[in-house]
Every structure is written in C-alpha cells, then in structure tokens.
Amino acid sequence: MVLLGLSGCIESFAAGKKKHASMKNLDGSWQVHEIQGKAVEPDENVAYVNLQCAKKTMNGFAGCNYIHGGFQLNTAKEHLQFGPIASTRMACPQGQTESAVLDMLQKTVSFRIETEEGQDKLVLFDQDGKTLLKLDKRMPLDGKWQVSKVFDSVVPQEAEEIFLVFNSSRKIAYGYLGCNSYKAEMTCHPQRKSLVRFGSGISTMRMCEQMETERLLMEALSRIVSYKKFSDRKAILCNEGGKVLIELAR
C-alpha cells in the first residue's frame with residue numbers, strides 16, 4: 001500500500017496554529033485520534049464522523065456500529081452540539097471504545113480547528129472546556145474496505161476476509177490479501193485529493209495453495225494512481241488511464 005515524496009494528503013499549515021472556524025474547513029470526514037487524552041490505536045475499526053455543515057447532518061462509524069444524526073453549529077462562537085444520534089445495533093466486542101465515542105459526542109458543546117505538523121485537527125470540548133475528542137482530517141478513502149474485485153475477477157471471500165485499510169494521516173496502507181498480510185506507504189496529492197499511490201509494499205512470506213488473487217492484488221496496487229468514492233460503502237481504485245483495477249466495499 002515506486003514511493004513518492006509528496007507532502008501528504010492535507011494542506012500544510014504552521015504547526016500548532018489555530019485556524020479560523022468556518023463551515024468549509026469543518027466540513028468533511030474526521031477520524032478519532034484521542035479520547036480524553038488517550039491515543040486511539042490506528043486499526044481497521046477506528047471511529048470517524050462525516051460532517052455536512054450546510055445540511056447540519058452527520059454520519060460515521062463509532063468503532064462497531066454506523067451512526068447518523070444532526071447537529072447545531074455556530075462557527076463564529078465555535079459552538080457545536082450533536083444530537084439526537086442513532087446507530088445500528090451490531091454486537092460489539094470493542095464496546096468500551098464505541099460507548100466512549102458516543103458519550104463524548106453527546107457531551108460536546110464547542111470545538112476548535114487547529115494544526116499539528118501540518119495536519120488539521122478537530123478538537124471537541126465539553127461545557128467546562130475539557131477536551132473530549134481529538135480528530136484528524138480524514139481522506140474519503142480512509143478506513144477498512146473489503147476487496148470485492150481485482151482487474152475483472154471477483155475476489156472470493158472465504159474463511160478469512162480479504163481487505164485493505166487506508167490511513168492517510170499516518171500515510172500507511174495495510175491489509176490481508178488472501179494468504180499474506182500487506183503493508184505499504186501511502187501518498188496522495190496535497191491539492192488533488194483523488195490522486196493516491198502506494199509504495200512497493202512488504203508482506204509476510206507464507207506460501208499457500210491459492211496465490212493468484214494475492215498476486216493480482218499486489219500487481220494492481222503497484223499501478224494505482226487515483227480513486228473514486230461513490231458512497232460510504234463503495235469505492236474504486238484506478239490506473240493512470242482511468243481503468244478500474246480494484247473495487248472496494250464495506
């Protein structure tokens with residue numbers, strides 16, 4: 001997931017600089033990075049929220065269940081309140097993280113947008129000014145995706161799920177390709193957010209009876225230069241000529 005020395009997916013600003021709050025820079029997808037000062041490990045179940053300020057609606061993923069709802073916003077005063085929030089009802093093995101994320105969102109009354117090392121951060125506060133959540137600006141492709149097709153072949157989903165996880169803030173991609181685990185550097189263009197490339201990648205060295213899907217995936221990933229996200233559940237990765245090489249779902 002040849003390496004390109006691009007500056008990263010998010011527009012750079014001076015480290016530690018507070019940004020003027022506006023609907024434009026609040027809009028988008030934000031990945032939970034800290035919960036009350038405790039760092040969240042970057043895995044495929046990382047929580048995120050998508051904010052649509054014009055409609056005052058939000059949706060996202062709390063760690064196990066998908067969530068949606070509305071919010072009240074005053075950018076001039078940096079006031080932000082979520083609710084009501086509804087969610088799907090899957091049983092969650094990591095329920096503590098999900099419960100904490102939902103609790104923090106419901107306690108939020110204000111926000112601030114700042115930068116650290118060129119990375120946009122959204123900080124949420126309670127009524128006493130205590131920090132509840134810190135979130136990183138998230139690329140639309142970020143998160144865990146099931147690989148449904150590579151080139152023109154449907155990917156068989158057997159005992160172990162074949163998947164890819166993208167994390168633009170940490171510039172990494174990883175996953176499971178059917179036999180071996182995969183990890184690569186991920187770079188994307190600082191202005192053209194649909195452009196993305198993956199490094200040569202490393203993988204474990206297991207030998208399996210069926211390796212064709214994995215071979216095709218490794219070849220396809222080395223050719224990817226762009227992506228398109230159709231919805232929160234479907235995306236494609238394309239080569240330089242715009243041909244779809246990998247289809248993703250979740």
Side-chain angles (χ1 to χ4, degrees), residues 1-10 31-33 39-48 61 63-64 92-94 97 117 119 136 138-189 193-229 233-250:
M1 272 184 201
V2 191
L3 300 181
L4 301 182
L6 299 177
S7 59
C9 298
I10 308 301
Q31 177 178 293
V32 175
H33 176 63
V40 175
E41 290 299 319
D43 61 21
E44 62 266 26
N45 295 316
V46 68
Y48 62 88
F61 181 70
C64 175
C92 303
Q94 297 179 339
T97 296
E117 300 179 351
Q119 172 72 45
D136 296 332
R138 185 174 185 263
M139 191 177 78
L141 192 63
D142 280 347
K144 181 182 179 180
W145 296 86
Q146 182 185 74
V147 179
S148 57
K149 186 179 286 189
V150 55
F151 292 105
D152 295 319
S153 301
V154 174
V155 173
Q157 298 295 331
E158 299 176 345
E160 295 186 86
E161 180 186 29
I162 296 174
F163 67 91
L164 293 168
V165 180
F166 307 114
N167 191 319
S168 61
S169 65
R170 292 174 171 84
K171 301 179 183 178
I172 189 173
Y174 62 93
Y176 178 73
L177 305 187
C179 177
N180 289 285
S181 297
Y182 166 85
K183 183 177 181 181
E185 183 175 347
M186 172 181 176
T187 55
C188 44
H189 197 280
K193 303 299 175 65
S194 64
L195 300 187
V196 63
R197 290 182 185 267
F198 305 103
S200 54
I202 59 174
S203 68
T204 50
M205 302 295 290
R206 292 176 59 197
M207 294 298 296
C208 302
E209 291 185 9
Q210 299 296 328
M211 299 284 289
E212 182 63 10
T213 296
E214 182 163 313
R215 184 190 67 78
L216 290 173
L217 275 170
M218 291 289 285
E219 181 181 349
L221 286 164
S222 71
R223 298 184 186 182
I224 298 302
V225 300
S226 67
Y227 74 91
K228 182 174 181 179
K229 183 180 177 184
R233 303 293 183 93
K234 184 178 180 182
I236 57 175
L237 302 176
C238 305
N239 68 5
E240 191 170 2
K243 181 180 179 180
V244 178
L245 300 188
I246 298 176
E247 294 185 16
L248 304 167
R250 62 184 177 195

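Worth saying up front: this structure is predicted, and the values here are computed from it rather than measured.
When all heavy atoms are compared, the tightest approach of Gly63 to Ala47 is N-CB, 4.1 Å. Heavy atoms only, all atoms of each residue included: Trp145 and Lys234 are closest at CZ3-N, 3.5 Å. Contact between Met186 and Phe198 at its shortest, heavy atoms only, is CG-CE2, 4.0 Å. Across Thr187 and Glu185, no two heavy atoms sit closer than the pair CG2-OE2, 3.7 Å. The two residues Ser153 and Leu216 have their closest heavy-atom pair at OG-CD1, 4.4 Å. Minimum heavy-atom separation, Phe151 to Arg223: CE2-NH1, 4.0 Å.
In this structure, Val32 and Thr97 have side chains that are not in contact, with every pair of non-hydrogen atoms separated by 4.5 Å or more. Taking 4.5 Å as the limit, every side-chain heavy atom of Val147 sits out of range of all side-chain heavy atoms of Thr213. The closest side-chain heavy-atom distance from Met139 to Tyr227 is below 4.5 Å. Residues Arg250 and Lys144 fail the side-chain proximity criterion, which asks for heavy atoms closer than 4.5 Å. For the pair Lys183 and Ile172, the minimum side-chain heavy-atom distance is below 4.5 Å.
Taking CG from Leu164 and OH from Tyr176, the interatomic distance works out to 13.0 Å, rounded to the nearest 0.5 Å. Taking OG of Ser194 as the start and NZ of Lys229 as the end, the distance is 14.0 Å to the nearest 0.5 Å. In this structure, Met218 CE and Ser200 OG are separated by 8.0 Å, a value rounded to the nearest 0.5 Å. Taking CG of Asn180 as the reference point, atom CD1 of Ile202 lies at 11.5 Å (rounded to 0.5 Å).
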Name each donor-acceptor pair under 3.5 Å that joins a side chain in residues 236-249 to protein atoms two or more places apart or in another chain, with its distance.
residue, atom, partner, partner atom, Å
Asn239, OD1, Gly241, N, 3.0
Asn239, OD1, Gly242, N, 3.1
Asn239, OD1, Lys243, N, 2.9

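With a 6.0 Å radius and a threshold of 12 heavy atoms from other residues, nucleotides or ligands, Gln210 has its CD atom at or below the threshold.
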Assess whether salt bridge (Lys or Arg N to Asp or Glu O under 4.0 Å) is satisfied between Arg206 and Glu214, documenting all intermediate values. CA-CA 11 Å; Arg206 292 176 59 197; Glu214 182 163 313; over 6 Å; no
Please assess Arg197 against Val225 for the test side chain to side chain contact (heavy atoms under 4.5 Å, CB included), listing each intermediate value before the final yes or no. CA-CA 5 Å; Arg197 290 182 185 267; Val225 300; 3.3 Å; yes
Could you go through Gln31 and Asn167, starting from their C-alpha distance and side-chain angles, then the distance that decides it, and tell me whether this counts as side chain to side chain contact (heavy atoms under 4.5 Å, CB included)? CA-CA 9 Å; Gln31 177 178 293; Asn167 191 319; 3.5 Å; yes
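Side chain of Ser181 to backbone of Thr204: no donor-acceptor contact under 3.5 angstrom is found. Side chain of Asp136 to backbone of His33: no donor-acceptor contact under 3.5 angstrom is found.
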